[in-house]
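Each chain gets a letter, A, B and so on, in the order its sequence line appears, and its residues count up from 1.
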Amino acid sequence: MTKNEIAEILEEIGVLLELKGENPFKIRAYGSGARVLESLESDEFEQLVADGKLDSVKGIGAALAQKIGELHETGALGFYDKLKASIAPGLVEMLEVPGLGAKKIKAIHEKLGIDTMEGLAAACVDGRVAELSGFGAKSAAKIAEGIKNREAYGKRHLWWLANEVAQPIVAGLRERPEVKRAEAAGSLRRGMETVGDLDFIVASDEPAPVMTWFCELPEVKEVTARGETKSSVRFESGLQADLRIVPPGQFVFALHHFTGSKDHNVAMRQRALERGLSLSEWGLVPADGEGTAKEKAERGESKEVADEAGLFKALDMTFVPPALREGLGEIEAAEAGELPQLIEVGDLRGAFHNHTTASDGRNTLAEMVTAAEALGWDYLGIADHSKASFQANGLDEERLLKQVEEIRALNESGRFKTHVFAGSEVDILTDGRLDFADEVMAQLDYVVASVHNAFAQDEDTMTKRIIRAVENPQVTMLGHATGRLLLRREPYKVNLAKVIDAAIANDTIIELNASPWRLDLDWRLWRKAAERGLLCAINPDAHECDGLQHVRAGVSAARKGWLQPKHVLNTWTLEQVKARFS
DNA sequence: GCCGTTTTCGGCCCGACTGTTTTCAGTCG
């Protein structure tokens, strides 16, 4: 069993233990164990298992190491099977209903004997739920509504689309006279590829009108909670948004707290406690003394900080960019002053892997170059599909070579400041051969090799297929390494550790496909791969002019992968890229 | 279940809001 499959099971065990009413810290241990596992590279993981040293990894102790080992070796775990058999799947499903947690589900199950969603819906209607102690008519109605909408409510949302909703709201908040500062926090601010909901943090001494403005936004479908300092609303799309309004002096602490991640916050609080301080959204206050953190903050006992850099400094750390706050070593690096200077959108001088109307793009070559020039880019790579992608109107040799001529002529015409590289997104055929002969590809500036069919191949076949392409000297870079479509399609089965090894050995680039639906190769793999010498290209995979903007999503993911400008081909100068491609 | 150089036991981050309660448990982040 692979490490990611094992991580999923650990995650599930955590959920099942929750429904059993287990110790919350034990539950957390399974969840964080799963995340630690996901962050390990496959070969590193294999080595640790082989050496019996899994428990040397922080967050994995003897018990988890034993269970992981068993799953890895046998593909099964008695403890997990028994646990799973003891809990009806309907109870697990109920956790998706807003307002229902483990304790309430347990009560519903034990007192009413209900273990399916249908049974629960019926009991909400006929009044049985409302009669339970701790429940009432309102809870029953809320649960019934939640069941009806659980598909829309439960799902996550693409970072890109959530950001498009969030930014106008931040701008609107900042325009209000009562608002001193406003930011979107949460996983959106950390740049996670998908987000569950939006979190807005506002500094104001006069919260009431701001709260009213927010709850009455035209796109709000439902106000699910409304208090003096916090409200929650739900939009038509099912996306939920929280607004928290705090006094200006507490803004930085609230922003940090609600940016998370949970793992990062836990580590930060522990760090504060080691210094005799208590960190919360209210402030950084002495751990001892009378009252709650909130009361201490209100008495003015909190350290004062102007911005998040000041907060980190108070804990003897350098500023940790939100992208890195995942509890994956950023605390230690910030303490040692060893955080990387992360890549920024402004570092990009161009991008590769873009399409035109010659294959399945919506804009012509000239229109795409115009758009690139408007972005101030020094170069733009065109890589239309090859003939095997007939569904995408892929180019055959004749059309390809004609396009190359067209590009060369455009460069010579001096019409654009932006230089155009002539490339192709060449299909990797099912056996790893490429869709064009070497002598055809040799006439191009560069080649992106991508898999577009036979996704169902077994891992070994797919891995060999991709490695064969990566080893081809004509291949400049590997396109969307796993073929995943976020929230829509699972990645195909491939041993990425072996692919990364082959790419490093053959000096082949792997792209970070910046399409918000792909973000592939995943950010979790980049840190170690780049440290080992893998070069990245942030490729928008644009199918229209606006698509070039997707590099922003790519940079956001690259930052989460600790990438610096030097790790990314598109930060190179035109001359450097030309030299690389020659 | 994890962790640790004041600890191998006893901690483990902290607060807002809701709905059901008459002081708080559950949920959520």
Side-chain angles (χ1 to χ4, degrees), chain A residues 10 13-14 17-18 21-34 36 54-68 79 94-108 129-143 146 153 185-188 190 195-201 207 211 223-232 240-246 250 253-254 256-274 277-285 287 291-298 327:
Chain A
L10 295 185
I13 289 175
L17 290 177
E18 206 180 337
E22 258 290 0
N23 173 355
F25 299 104
K26 185 192 271 195
I27 294 164
R28 185 205 284 168
Y30 277 92
S32 56
V36 167
L54 258 183
D55 61 357
S56 69
V57 180
K58 198 170 175 227
I60 297 179
L64 278 183
Q66 188 278 323
K67 291 186 171 79
I68 294 167
F79 168 76
M94 287 179 200
L95 280 170
E96 290 170 15
V97 178
L100 276 189
K103 299 224 169 101
K104 287 196 168 173
I105 292 172
K106 214 168 167 227
I108 288 165
V129 168
E131 283 168 12
L132 286 176
S133 86
F135 292 75
K138 276 198 178 177
S139 336
K142 202 173 155 193
I143 292 168
Y153 289 1
S187 49
L188 184 89
R190 299 202 313 280
V195 303
D197 56 18
L198 304 180
D199 295 281
F200 298 101
I201 311 296
M211 208 52 101
V223 178
T224 53
R226 180 159 182 174
E228 281 175 35
T229 64
K230 187 216 158 185
S231 289
S232 297
Q240 180 178 305
D242 296 345
L243 171 64
R244 290 181 169 81
I245 305 177
V246 299
Q250 286 155 15
F253 299 104
H256 175 266
H257 175 85
F258 290 106
T259 296
S261 66
K262 223 168 244 176
D263 289 343
H264 171 84
N265 285 355
V266 167
M268 287 288 283
R269 286 166 188 275
Q270 276 165 355
R271 194 173 171 82
L273 285 173
E274 287 163 14
L277 298 166
S278 168
L279 176 65
S280 74
E281 64 259 51
W282 287 100
L284 186 59
V285 301
T292 64
K294 180 183 173 184
E295 287 159 358
K296 290 174 191 168
E298 283 170 346

Work out how far the [atom1] atom of [N] is from that of [M], and round it to whole angstrom.
| N | M | atom1 | value |
| --- | --- | --- | --- |
| B:dT20 | B:dG26 | P | 14 Å |
| B:dG11 | B:dT21 | P | 33 Å |
| B:dT22 | B:dT18 | C1' | 16 Å |
| B:dC2 | B:dT7 | P | 22 Å |
| B:dG15 | B:dT5 | C1' | 34 Å |

For [X], side-chain contact (heavy atoms from CB on, under 4.5 Å) partners two or more places apart:
| X | answer |
| --- | --- |
| A:His256 | A:His264, A:Asn265, A:Met268, A:Leu279, A:Glu308, A:Leu311, A:Phe312, A:Arg325 |
| A:Leu95 | A:Val15, A:Leu19, A:Ile105 |
| A:Lys104 | A:Leu100, A:Phe135 |
| A:Val223 | A:Cys215, A:Val220, A:Arg226, A:Val233 |

(request) Answer syn or anti for B:dT7, where the cut-off is 90° from 0 on the glycosidic torsion. (result)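 B:dT7: syn.
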(request) By nearest nucleotide on DNA chain B, pick out whichever of A:Arg269 and A:His257 is the more 5' one. (result)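 Its nucleotide being nearer the 5' end, the pick is A:Arg269.
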(message) Here's a test of your reading of the structure: between A:Ala140 and A:Arg244, which maps to the more 5' nucleotide of DNA chain B?
(response) A:Ala140
(request) Using chain A heavy atoms and a threshold of under 4.0 Å, write down where along DNA chain B the contacts begin and end, 5' to 3'. (result)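 So the contact region on DNA chain B extends B:dG1 to B:dG29.
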(request) Work out which heavy atom in A:Ser261 is nearest to a heavy atom in A:Gly327; give both atom names and the distance. (result) OG-N, 4.2 Å
(request) Return the set of residues passing side-chain hydrogen bond (donor to acceptor under 3.5 Å, both in side chains) with A:Gln270 (not counting sequence neighbours), or none when no residue passes. (result)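 Scan of A:Gln270 (side-chain hydrogen bond (donor to acceptor under 3.5 Å, both in side chains), adjacent residues dropped) gives none.
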(request) Just call it for A:Ala185: base, sugar-phosphate, or nothing, with non-hydrogen atoms closer than 4.0 Å on any strand. (result) nothing
(message) Please classify the nucleic acid contact of A:Asn23 as base, sugar-phosphate, or nothing, using heavy-atom distances under 4.0 Å.
(response)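 Answer is base: heavy atoms of A:Asn23 come under 4.0 Å of a base.
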(message) Checking base pairs now: Watson-Crick or wobble, both atom distances under 3.5 Å. What partners B:dT8?
(response) none
